[in-house]
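Heads up: the structure comes next, in C-alpha cells.
Only this structure's heavy atoms are used, side chains among them; waters, hydrogens and symmetry mates stay out. Here the structure is a predicted model, which means the values were calculated and not measured.
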Amino acid sequence: MVILFDDGQQIRGDLIHSAVLRSDLAPVPATLEAEVYSDDDLERRLGEGKTLTLGSGDRFTVVHCVRVDGRTVQGERQRNAVRVTALLSACLDIAFVRRTAIIKEGATLSAIYRAAGARLKTIDADFPVPRFYCPISETPSFLIARVLQEEGGTVRWKNGRLQFVRLPDLFRQKPIVTVPD
C-alpha cells in the first residue's frame with residue numbers, strides 16, 4: 001500500500017509494519033489503520049490532525065496516534081512503532097460531536113452531509129430526507145445511519161465518490177468472486 005504524507009513524500013515500505021484499509025457501509029465509509037516503525041520525526045509527521053493520501057488518491061486525516069514502544073528488536077536496538085487510525089477526510093466532520101444543531105426538512109442526503117461538515121461534491125443516487133435533526137452535542141454519523149436505515153439503504157465509497165445504494169440493489173449485483181464450498 002502506498003501512503004503519502006502531506007508534502008507528497010511516500011512512507012518507505014520497509015517502515016510499514018501493517019496497513020489496513022477498512023471499507024464498510026457506515027456513514028464514514030472508509031478508515032485507515034496502520035502501524036509504522038518510527039523515529040521522532042516520523043512520529044511527528046503521523047500525529048493527530050495530519051493528512052495521509054493513499055496511492056488511489058483518497059485522503060485520510062489522522063484522528064488517533066499512539067506510540068507502541070519496544071515492538072521488535074533489530075540488531076542491538078529496539079524499534080519503536082506508531083499505531084495510527086485515520087478517517088476519510090471528506091467525511092471527517094460528521095464523526096465528531098456537533099457544537100451547533102442541524103435541522104433539515106425536505107433536504108437531500110448530500111445536503112445533510114454538507115450541513116454536518118462533509119466535503120463531498122455529490123452523492124450518487126441522492127434521495128430526499130423528509131426530516132433530519134441533529135441536536136447540539138450529538139454525533140451526526142449516528143443520526144445519518146438512522147436515516148439510511150429508514151430508507152433501506154447504505155452508503156459506500158467508490159472511485160472517490162460517496163454512493164447511496166438501496167439494500168435490495170446490493171443483492172441484485174453480479175458477484176465479483178464466487179467461493180466454492
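Cluster partners of V97 are absent, since no Ile, Leu, Val, Met, Phe, Trp or Tyr has side-chain heavy atoms less than 4.5 Å from it.
You'll find the side chain of M1 stays beyond 4.5 Å of the side chain of I16, heavy atoms only. Inter-residue side-chain proximity for D58 and L32 is flagged as unmet; no heavy-atom pair is nearer than 4.5 Å. Between I112 and I94, the closest side-chain pair of non-hydrogen atoms is not below 4.5 Å. Contact of the R131 side chain with the K104 side chain is not registered, since no non-hydrogen atoms from C-beta on lie closer than 4.5 Å. Looking only at side-chain heavy atoms (C-beta outward), F60 and L88 come within less than 4.5 Å of each other. By the 4.5 Å heavy-atom criterion applied to side chains, L54 and I3 are counted as neighbours. In this structure, the side chains of L162 and W157 come closer than 4.5 Å at one or more pairs of heavy atoms. You'll find the side chain of V147 reaches within 4.5 Å of the side chain of F127, heavy atoms only.
A distance-only check finds no donor-acceptor pair linking the side chain of D93 to the backbone of A116 [under 3.5 Å]. Checked by atom type and distance alone, the side chain of N159 never pairs as donor or acceptor with a backbone atom of R161 at under 3.5 Å. Not a single donor-acceptor pair under 3.5 Å links the side chain of Y133 to the backbone N or O of L143. No donor-acceptor pair under 3.5 Å is formed between the side chain of T61 and the backbone N or O of S89.
Taken to the nearest 0.5 Å, the OH atom of Y113 stands 13.5 Å off from the CZ atom of R119. Between the OG1 atom of T51 and the CG atom of D7 there is a distance of 11.5 Å, given to the nearest 0.5 Å.
Nearest heavy atoms, V28 versus A95: CG2-CB, 4.1 Å. Minimum heavy-atom separation, V82 to S38: CG2-OG, 3.1 Å.
Residue E33 is tested with R83, H64, R22 for a side chain to side chain donor-acceptor pair (under 3.5 Å); the sole match is R22.
Ionic pairing of D6 and R45 is not present here: no N-O contact between side-chain nitrogen and carboxylate oxygen is shorter than 4.0 angstrom.
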List the atom pairs, donor and acceptor, that lie under 3.5 Å between side-chain atoms in residues 164-181 and the rest of the protein, sequence neighbours left out.
{"residue": "R166", "atom": "NH1", "partner": "E151", "partner atom": "O", "Å": "2.6"}
{"residue": "D169", "atom": "OD1", "partner": "R172", "partner atom": "NH1", "Å": "2.5"}

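In summary, the side chains of S110 and T108 do present a donor paired with an acceptor at a separation below 3.5 Å, with no hydrogens or angles considered.
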